[in-house]
Amino acid sequence: MGGKSTAEFRVAEGGALGSKGSMWITGNIVPGSPGSWAGAFFSPGSTAMAPVNLSSKKAVRFWVKGDGKTYLIMIFTQSLGYMPSIQSFSAGSDW
């Protein structure tokens, strides 16, 4: 998208509920564009940004732990077009 933000991903040992591993993400957001962001992107369609009917799903659930700061999850929907629905969450030190 023309920005200079960066993100790095690694597999980390130990995960939520005693699982074997987790995804470790770190990044740096460089201001300068209206939608500056860095992080993971999950697109369940056959190609990136391909629409998928998830109307039978009522929630997004994931385990996270981190540095206690506030982060965002963005979800794109047909009704909102290019503007995502955004929800903040805190990444505390425990899963």
Side-chain angles (χ1 to χ4, degrees):
M1 294 181 59
K4 299 191 183 319
S5 299
T6 60
E8 182 181 343
F9 307 89
R10 295 184 193 156
V11 175
E13 290 186 20
L17 302 175
S19 63
K20 186 169 114 174
S22 59
M23 183 188 314
W24 177 85
I25 305 171
T26 188
N28 183 38
I29 297 174
V30 179
S33 69
S36 297
W37 72 281
F41 179 83
F42 172 68
S43 185
S46 58
T47 61
M49 298 296 286
V52 175
N53 184 353
L54 299 176
S55 62
S56 66
K57 310 304 178 203
K58 304 302 176 205
V60 173
R61 184 175 294 175
F62 57 96
W63 293 91
V64 62
K65 73 174 186 174
D67 54 12
K69 293 181 182 178
T70 299
Y71 296 90
L72 303 175
I73 182 171
M74 300 186 297
I75 299 175
F76 290 90
T77 64
Q78 182 177 16
S79 63
L80 294 177
Y82 292 107
M83 180 63 74
S85 176
I86 300 172
Q87 178 65 50
S88 64
F89 63 91
S90 177
S93 60
D94 294 323
W95 290 110

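Atom CZ of Phe62 and atom CZ of Phe89 lie 4.0 Å apart (nearest 0.5 Å). Annotation: the span from Gln78 atom CD to Leu54 atom CG amounts to 12.0 Å, rounded to 0.5 Å. How far OG1 of Thr26 is from CZ of Arg10: 8.0 Å, rounded to the nearest 0.5 Å. With rounding to the nearest 0.5 angstrom, the CE atom of Met49 is 5.0 Å from the CZ atom of Phe41.
What you find for Ser36 and Ser5 is that their closest heavy atoms are CB-OG, 4.5 Å. For the residue pair Val52 and Gly45, the shortest heavy atom distance occurs at CG2-CA, 3.3 Å. In terms of heavy-atom proximity, Ala38 sits nearest to Asn28 at CB-O, 4.2 Å. Nearest heavy-atom pair, Trp24 versus Ala12, reported as atom, atom and distance to 0.1 Å: CB-CB, 4.0 Å.
For Tyr71, the ring pair (Phe, Tyr, Trp, His ring centres under 6.0 Å) criterion is met by no residue, not counting sequence neighbours.
The stretch residues 85-95 participates, sequence neighbours left out, in no side chain to side chain donor-acceptor pair (under 3.5 Å) pair at all.
Hydrophobic clustering, with ILVMFWY side chains joined whenever heavy atoms are under 4.5 angstrom apart, keeps Val64 apart from Ile29.
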